[in-house]
Structures are given as structure tokens and as C-alpha cells.
Amino acid sequence: MKKIIIAFFIMIISSLAVFAQSKTKIEFSAKDIYNKNITSDVFEDAEVTMINIWGTFCGPCIIEMPDLGILSKKYDEEKFQIIGIVIDAVNRKGLPDSKTIEAAKSIVKQTGADYLHIVPDFKLQNGILQNVFAVPTTIFVDKNGNLIGEIYTGSRSLADWQKIVDKLLK
């Protein structure tokens, strides 16, 4: 069991190192879970954007979503926004999976996490998502889509996220 835990932490640390070395600017042209076109221009709407990568199968992701819904309303929209990326909203061929998208809509409604949730496009799948090995994974970007701050794996409380966001907004 100890070897499994050590291997898990090595995998997480190495994935974060790969993530940090990847191209720092995030660009995409995708759709949200309601089939609306969304591009990386959405980052221009706020000084800091929190990108929470989650899955419909992930208990910790869903448990933290009510807090993320509260967090998204707590700050001036020009300073801070949250975007969710539903990592399992595409099938093995990289195409949208309607059953999973419907599940995502239901989860968003149940949790009150009514911020933007994106279905990954090819650029996201072969970019930042390629280096995500655990969900939830959360990153932050500036107005230009450049990575800022740390990469967070695992869920956090509302208070923990507020401290992180406050630090990034200074």
C-alpha cells in the first residue's frame, strides 16, 4: 500500500512539472455545456480567471462545486471569474458526449455552480488537459490566458479558495 501511495504522489508531482513546462498561454474555441460558442477571448473579461477542471464521475469535484458557485459571485466580475472544464464531456474520439453533457448540466443545476462550463475542444484536449492526471485540477490565468500562480490538485474549501484568489488579485 505504501508503494502505491508513493507512486501516486510521484505521478502527481511529475504531472504538475510537465504542466508547468507546457505552453503557458491557453487558447481554445469550444462550446459550453449549453452549446454556446466560447473562445479564449473570455479571459479578457476578468483580471484573474480560475479554471476548474472537473469530471461528472468525481465526488470531490462535485462536493466543492457549491463553494465555487459562492466564490464566483463573491468578487467583482471584472476582477475575477470561474470557468469549469468538464474533462469527461468528450468521448474517446474527442467528440462531445451528449449523455455526459446532460449529467454535467444536472450537476451544475444541483450544486448552484452556475458559472461557465466548457466542453473541451481539440486545443484543450491536446494542450492543458493532456497534462491533467487527477481531478479536480485548478489553474489560474490572466486576461491574456497566461498561467499565473500555482496549480492545485484536489478540492479546497471556500475559505481556502478565497485566500488563494485574494493573493492573486493583489
Side-chain angles (χ1 to χ4, degrees), residues 15-16 18-58 61-62 64-65 67-109 111-153 156 161 164-165 167-169:
S15 72
L16 295 179
V18 170
F19 206 148
Q21 294 170 357
S22 68
K23 187 172 127 181
T24 58
K25 186 168 183 162
I26 299 172
E27 297 179 283
F28 62 89
S29 179
K31 294 191 180 279
D32 71 2
I33 59 174
Y34 302 102
N35 206 33
K36 179 181 173 194
N37 292 326
I38 305 292
T39 69
S40 46
D41 290 344
V42 71
F43 298 139
E44 295 172 4
D45 295 343
E47 289 178 33
V48 173
T49 299
M50 174 186 204
I51 302 174
N52 180 257
I53 303 162
W54 66 282
T56 60
F57 58 88
C58 171
C61 299
I62 297 166
E64 85 172 340
M65 287 175 76
D67 284 346
L68 295 181
I70 293 167
L71 187 68
S72 73
K73 292 172 180 68
K74 208 163 188 60
Y75 293 88
D76 179 352
E77 291 176 4
E78 292 177 7
K79 291 189 178 197
F80 177 75
Q81 67 181 337
I82 299 178
I83 295 175
I85 298 178
V86 190
I87 199 164
D88 60 334
V90 292
N91 62 26
R92 293 180 191 261
K93 294 180 182 179
L95 302 172
D97 181 290
S98 60
K99 183 177 176 183
T100 305
I101 293 169
E102 287 305 314
K105 288 178 190 177
S106 177
I107 291 166
V108 166
K109 184 176 180 181
T111 62
D114 56 357
Y115 44 86
L116 177 64
H117 295 272
I118 297 172
V119 176
D121 69 346
F122 182 79
K123 284 183 180 179
L124 287 171
Q125 292 171 49
N126 293 295
I128 62 165
L129 297 182
Q130 197 171 32
N131 300 313
V132 173
F133 295 99
V135 288
T137 293
T138 303
I139 60 175
F140 293 87
V141 298
D142 64 14
K143 283 183 158 303
N144 300 311
N146 296 308
L147 288 172
I148 58 173
E150 296 180 36
I151 298 163
Y152 299 89
T153 303
R156 304 279 187 287
W161 282 129
I164 293 165
V165 170
K167 184 178 173 185
L168 288 169
L169 288 173

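Here the structure is a predicted model, which is why all the values come from computation and not from measurement.
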What are the two closest heavy atoms between [X] and [Y], and how far apart are they?
{"X": "Thr39", "Y": "Ser29", "answer": "CG2-OG, 3.9 Å"}
{"X": "Gly55", "Y": "Cys61", "answer": "N-SG, 3.8 Å"}
{"X": "Pro120", "Y": "Leu129", "answer": "CB-CD1, 3.5 Å"}
{"X": "Ile118", "Y": "Leu124", "answer": "CG2-CD1, 4.1 Å"}
{"X": "Pro96", "Y": "Ile101", "answer": "CB-CD1, 3.9 Å"}
{"X": "Ile33", "Y": "Lys105", "answer": "O-CE, 2.8 Å"}

Side chains of [X] and [Y]: closer than 4.5 Å at any heavy-atom pair?
{"X": "Tyr75", "Y": "Ile82", "result": "no"}
{"X": "Thr153", "Y": "Phe133", "result": "no"}
{"X": "Ile26", "Y": "Ile139", "result": "yes"}
{"X": "Met50", "Y": "Phe140", "result": "yes"}
{"X": "Met65", "Y": "Tyr115", "result": "yes"}
{"X": "Ile85", "Y": "Val132", "result": "no"}
{"X": "Trp54", "Y": "Val86", "result": "yes"}
{"X": "Lys73", "Y": "Asp114", "result": "yes"}

[Y] and [X] side chains, donor-acceptor separation under 3.5 Å:
{"X": "Lys25", "Y": "Asn146", "answer": "no"}
{"X": "Asp88", "Y": "Thr100", "answer": "no"}
{"X": "Trp161", "Y": "Glu64", "answer": "yes"}

Working to the nearest 0.5 Å, report the span between [atom1] of [X] and [atom2] of [Y].
{"X": "Ile128", "Y": "Ile53", "atom1": "CD1", "atom2": "CD1", "value": "4.5 Å"}
{"X": "Ser72", "Y": "Asp67", "atom1": "OG", "atom2": "CG", "value": "11.0 Å"}
{"X": "Thr49", "Y": "Glu47", "atom1": "OG1", "atom2": "CD", "value": "10.0 Å"}
{"X": "Lys79", "Y": "Asp45", "atom1": "NZ", "atom2": "CG", "value": "16.0 Å"}
{"X": "Asn131", "Y": "Thr137", "atom1": "CG", "atom2": "OG1", "value": "10.5 Å"}
{"X": "Ile107", "Y": "Phe57", "atom1": "CD1", "atom2": "CZ", "value": "10.0 Å"}

Determine yes or no for a side-chain-to-main-chain donor-acceptor pair under 3.5 angstrom, with [X] supplying the side chain and [Y] the backbone.
{"X": "Asp121", "Y": "Phe28", "value": "no"}
{"X": "Glu27", "Y": "Lys123", "value": "no"}
{"X": "Asn91", "Y": "Asp97", "value": "no"}
{"X": "Asn126", "Y": "Phe122", "value": "yes"}

Determine, step by step, whether Asp32 and His117 satisfy the side chain to side chain contact (heavy atoms under 4.5 Å, CB included) criterion, reporting the C-alpha distance in whole Å, the side-chain angles of both residues, the deciding distance to 0.1 Å, and the verdict. CA-CA 5 Å; Asp32 71 2; His117 295 272; 5.9 Å; no
Apply the test side chain to side chain contact (heavy atoms under 4.5 Å, CB included) to residues Val42 and Gln81: give CA-CA distance (whole Å), side-chain angles for both, the deciding distance (0.1 Å), then the verdict. CA-CA 10 Å; Val42 71; Gln81 67 181 337; 4.2 Å; yes
Taking it one step at a time, do Lys74 and Phe80 satisfy side chain to side chain contact (heavy atoms under 4.5 Å, CB included)? CA-CA 9 Å; Lys74 208 163 188 60; Phe80 177 75; over 6 Å; no
Candidate pair Val165 and Val48, rule side chain to side chain contact (heavy atoms under 4.5 Å, CB included), full reasoning: CA-CA 8 Å; Val165 170; Val48 173; 5.7 Å; no
Only one of Ile51, Asn144, Asp142 clears side chain to side chain contact (heavy atoms under 4.5 Å, CB included) with Phe43; which?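 Single pass found, and it is Ile51.
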